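Read the structure below first, then the notes.
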Amino acid sequence: MEPNIKEVAARIRALREDLDLTLQEMADATGRSTAEYAAQESGEEDLSFTFLYKCADKFGVDVIELLTGENPHLTGYSLTRAADGLSIKRRAGFEYLHKAPHFRHKLAEPFLVTAPYLPEEQDVPIHLSRHKGQELDFIISGRMRFAYEDHVEELEAGDFLMYDSGRGHGMIAIGGEPCVFLAVVLKPHDEKII
């Protein structure tokens with residue numbers, strides 16, 4: 001199942017209005033200008049996971065509620081088979097498969113990510129994003145170039161990376177093929193993922 005961008009954007013707008021939040025307040029919460037935020041809330045622009053995560057945090061809801069319109073309901077355990085999960089497509093063809101969309105009160109957001117190899121990305125600075133908490137990435141196949149502020153590392157299958165995701169970070173596939181990795185986004189210990 002893949003969320004429809006227009007439907008997700010409509011849920012974001014409805015929640016913002018229900019909570020009496022202004023466009024400016026949401027722009028500040030998501031780190032965008034008011035115009036950039038408005039374009040995403042209207043569904044004119046793609047919705048990155050970082051944007052969705054920051055919206056969900058401001059609204060006090062699970063990011064899955066924004067994506068599907070439903071609250072996760074499983075509490076004991078959640079089993080997601082190999083090919084299953086909630087599909088999220090984002091920037092430059094990155095594919096995210098949320099591996100626990102139905103589990104409630106998650107302390108982490110687990111994704112199976114496929115980063116496409118794009119020749120045009122190889123010799124330009126890597127786009128950096130930021131979100132509260134920490135992230136860990138485990139490379140399953142392919143190779144990745146990881147940028148963390150002004151540091152750059154190259155990773156391959158079996159490599160494990162953990163970092164403060166509140167600082168600038170980004171990645172691209174290298175070596176002529178896609179890079180597949182498990183990404184787990186962890187919120188700060190003093191905040192609860194609802």
Side-chain angles (χ1 to χ4, degrees), residues 1-78 80 84-114 127-136 164-170 182-194:
M1 168 170 80
E2 186 173 327
N4 176 300
I5 290 175
K6 291 285 188 187
E7 290 174 7
V8 174
R11 280 191 281 278
I12 291 170
R13 180 175 35 260
L15 275 168
R16 179 183 61 76
E17 291 171 351
D18 286 350
L19 295 170
D20 289 324
L21 295 168
T22 66
L23 286 172
Q24 185 61 56
E25 288 171 311
M26 288 306 297
D28 292 344
T30 58
R32 285 153 176 72
S33 70
T34 305
E36 290 168 332
Y37 175 83
Q40 289 191 294
E41 184 185 81
S42 68
E44 294 171 23
E45 290 188 15
D46 196 15
L47 307 174
S48 71
F49 177 74
T50 301
F51 174 79
L52 293 169
Y53 190 75
K54 289 178 177 181
C55 286
D57 184 51
K58 182 71 175 172
F59 297 148
V61 300
D62 191 298
V63 71
I64 299 304
E65 188 174 342
L66 293 181
L67 293 168
T68 66
E70 298 177 15
N71 254 326
H73 55 279
L74 299 176
T75 56
Y77 75 94
S78 173
T80 305
D84 294 336
L86 178 63
S87 178
I88 305 167
K89 298 212 189 279
R90 62 170 281 214
R91 71 170 180 92
F94 270 57
E95 293 184 21
Y96 285 66
L97 192 61
H98 196 297
K99 298 303 284 183
H102 304 296
F103 193 76
R104 254 180 117 169
H105 304 299
K106 290 181 283 297
L107 300 177
E109 300 285 349
F111 297 93
L112 182 63
V113 182
T114 302
H127 171 76
L128 303 180
S129 53
R130 294 164 180 77
H131 52 85
K132 286 190 222 175
Q134 298 176 343
E135 186 169 332
L136 61 88
D164 175 352
S165 54
R167 295 168 67 182
H169 63 280
L182 176 67
V184 180
V185 178
L186 306 159
K187 282 195 89 168
H189 71 279
D190 58 340
E191 294 186 30
K192 185 168 104 176
I193 295 178
I194 298 174

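Sequential numbering from 1 along the given sequence is applied to the chain's residues. Values reported hereafter were calculated over all heavy atoms of this structure, with side chains retained and with hydrogens, waters and symmetry mates removed. Here the structure is a predicted model, which means the values were calculated and not measured.
- In terms of heavy-atom proximity, Ile64 sits nearest to Pro101 at CG2-O, 3.4 Å.
- For the atom pair Thr114 OG1 and Leu97 CG, the distance stands at 8.5 Å (nearest 0.5 Å).
- Taking Gln134 as the reference, Met162, Leu186 meet the side chain to side chain contact (heavy atoms under 4.5 Å, CB included) condition, with sequence neighbours excluded.
- Of all heavy-atom pairs between Gly166 and Asp164, the closest is N-OD1, 2.8 Å.
- Side-chain atoms of Ser42 come within 3.5 Å of backbone atoms of Ala39 as a donor-acceptor pair (strictly under, hydrogens ignored).
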query: Leu23 and Glu41: side chain to side chain contact (heavy atoms under 4.5 Å, CB included), yes or no, with the steps?
result: CA-CA 9 Å; Leu23 286 172; Glu41 184 185 81; 3.7 Å; yes
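- In this structure, Lys99 and Val184 have side chains that are not in contact, with every pair of non-hydrogen atoms separated by 4.5 Å or more.
- Distance NZ/Lys106 to OG/Ser78: 8.0 Å, rounded to 0.5 Å.
- Contact annotation: the side chain of Cys55 approaches that of Met26 to within less than 4.5 Å [non-hydrogen atoms, C-beta and beyond].
- Between the side chain of Thr30 and the main chain of Phe51, no donor-acceptor pair closer than 3.5 Å is present.
- The two atoms that bring Gln40 and Leu47 nearest to each other are O-CD2, 3.3 Å, heavy atoms only.
- Of the possible polar contacts, none joining the Thr34 side chain to the Gln24 backbone as a donor-acceptor pair under 3.5 Å is found.
- In this structure, the side chain to side chain contact (heavy atoms under 4.5 Å, CB included) partners of Leu15, at least two apart in sequence or on a different chain, are Phe59, Val61, Leu66.
- How far NE2 of His73 is from NE2 of His102: 6.0 Å, rounded to the nearest 0.5 Å.
- Of the possible polar contacts, one joining the His169 side chain to the Arg167 backbone as a donor-acceptor pair under 3.5 Å is found.
- Taking every heavy atom of both residues into account, Gly170 and Leu128 meet most closely at N-CD2, 3.7 Å.
- The NZ atom of Lys54 sits 13.0 Å away from the OH atom of Tyr37 when rounded to the nearest 0.5 Å.
- Using a 4.5 Å cut-off on side-chain heavy atoms (C-beta onward), Ser165 and Lys132 make no contact.
- Separating the CZ atom in Arg11 from the CG atom in Asn4 is a distance of 8.0 Å, to the nearest 0.5 Å.
- Note that CG of Asp57 is 11.5 Å distant from CG of Asp62, once rounded to the nearest 0.5 Å.
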